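The next block holds one structure in the form of structure tokens; read it before the comments.
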Amino acid sequence: MILKSLQLQNFRSYKDQTFRFSDGTSLVVGPNTSGKTNLLEAVYLLTSGKSFRAQIEEEMISYKRELARVKGKVKIVEETEELEILLTSGQIGNKRTTKKQYLINGVKKRQMDFVGHLNCVFFGPEDLELVIGSPSVRRDYLDSVLEQIDREYRRASLSYKKSLRQRNRLLEQIRDKGRARTSLFLWDKLLLENGEIISQKRKELIDFINQQPDYFGDLIIVYDRSLLSPQRLRKYQDREIAAGMTLIGPHRDDFTLKMVNGGEERNLHLYGSRGEQRTAVFSLKLAELEFVAEKINQRPLLLLDDIFSELDHERRQHLVEVIPKQQTIMTTTDVHLIEPAYRRKVKMIRLN
Ligand SMILES: Nc1ncnc2c1ncn2[C@@H]1O[C@H](COP(=O)(O)OP(=O)(O)O)[C@@H](O)[C@H]1O
Ligand SMILES: [Mg+2]
């Protein structure tokens, strides 16, 4: 799959602009706030249906505009597909509108069916949060990788979240209104079924990462799984009713990055230097790239946002080897961070 072009209308800082990418490497060069991350955000949106940074999706619509459009032409084998997302605030003029619409070749799709037509791996400085951020950052990460490539995971994840909300409401009603505990049965069943799929697939991803010798030599990633089982649900029932909240399950999962040194394991969040933490994230991202490639049986698009200044020489060399393996779009403020010989091989896109 190759992203041939991208059209942005009223998307963040873009009024109406079209970009054409190389099948190999495209380098987006521009000063701060010139729209580099916005551009990659739009590409990412087409792959996952979500932003990697907007808290509220409306943020992505240009100020004082009503409708944003992101359209990408994707070459899949011999055919071209047009992927399109429309964003509104929920209202245009006095008319109520859908906040987000997904279209493939002009035909409306559900998010579930839209995602997966274009795959990417995104890597930017904010990914350091994977080591130093809260558990929810790491859970969202596992979801973002797996939802993009696995339809069954998407379905299970959606269903799990719905059941969780219903079950939490019910737990409150049992506590406050004396509803019967037996009413939990159906939700427990859904939680167990979908939770099992989610945990299994998360474990598979984590196992894969640990088996990447090139990147994960002295690093290990430990899955801190919040196990769901009928026995555990029984054990936690009183506590959950008192809390009005489901206390166990994949929504409480986490993982830890550790460095192994002479038989000793060191938690990088607590005891890693910033440099070690960056290296760990770098390795994690490259392992993710290999995981996605293996799962979809082709190379996904690689998006690198302004990471060169933060990498040491060895990591940069490593990236130079990985980049040509798939279509890559990378951004930088300073073109001099890219080796001159290499610069000639890439398509430059200048922003100002
Ligand atoms: N919804 C929006 N409407 C208009 N401009 C926006 C919107 N969201 C962000 N911007 C602008 O985009 C710019 C930041 O772009 P960004 O892609 O993060 O820059 P960089 O090149 O540094 O990565 C800022 O000037 C910001 O004001
Ligand atoms: Mg940026």
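Quantities reported herein were computed from a predicted structural model and do not represent experimental measurements. Ligands are counted one by one from 1 in listed order, and the atoms in each one are counted from 1 as well.
- Side-chain contact annotation: Arg234 with Gln231, donor-acceptor N/O pair under 3.5 Å absent.
- Residues Thr331 and Asp306 have side chains that never bring a donor and an acceptor to within less than 3.5 angstrom of each other.
- Between Thr333 and Lys36, some side-chain heavy-atom pair lies under the 4.5 Å cut-off.
- Two residues are said to be in side-chain contact when any heavy atoms from C-beta on lie closer than 4.5 Å; Leu191 and Leu164 meet this criterion.
- For the pair Leu39 and Tyr14, the minimum side-chain heavy-atom distance is below 4.5 Å.
- Taking the six-membered ring where the residue is Trp, Tyr160 and His251 present tilted rings, their angle falling between 30° and 60°.
- Between Asp16 and Gln9, the side chains place a donor N or O and an acceptor N or O closer than 3.5 Å (distance only, hydrogens not considered).
- Residues with a heavy atom under 4.0 Å from ligand 1: Arg12, Ser13, Pro31, Asn32, Thr33, Ser34, Gly35, Lys36, Thr37, Asn38, Arg53, Glu59, Ile61, Ser62, Tyr63.
- Of the N and O atoms on the side chains of Thr47 and Asn119, not one donor lies less than 3.5 Å from an acceptor on the other residue.
- Around the Mg ion (ligand 2), the protein contributes the following N, O or S atoms under 2.8 Å, ordered by chain and number: Thr37 OG1.
- Ile349 has its side chain within reach of Phe21: a pair of non-hydrogen atoms, C-beta onward, lies under 4.5 Å apart.
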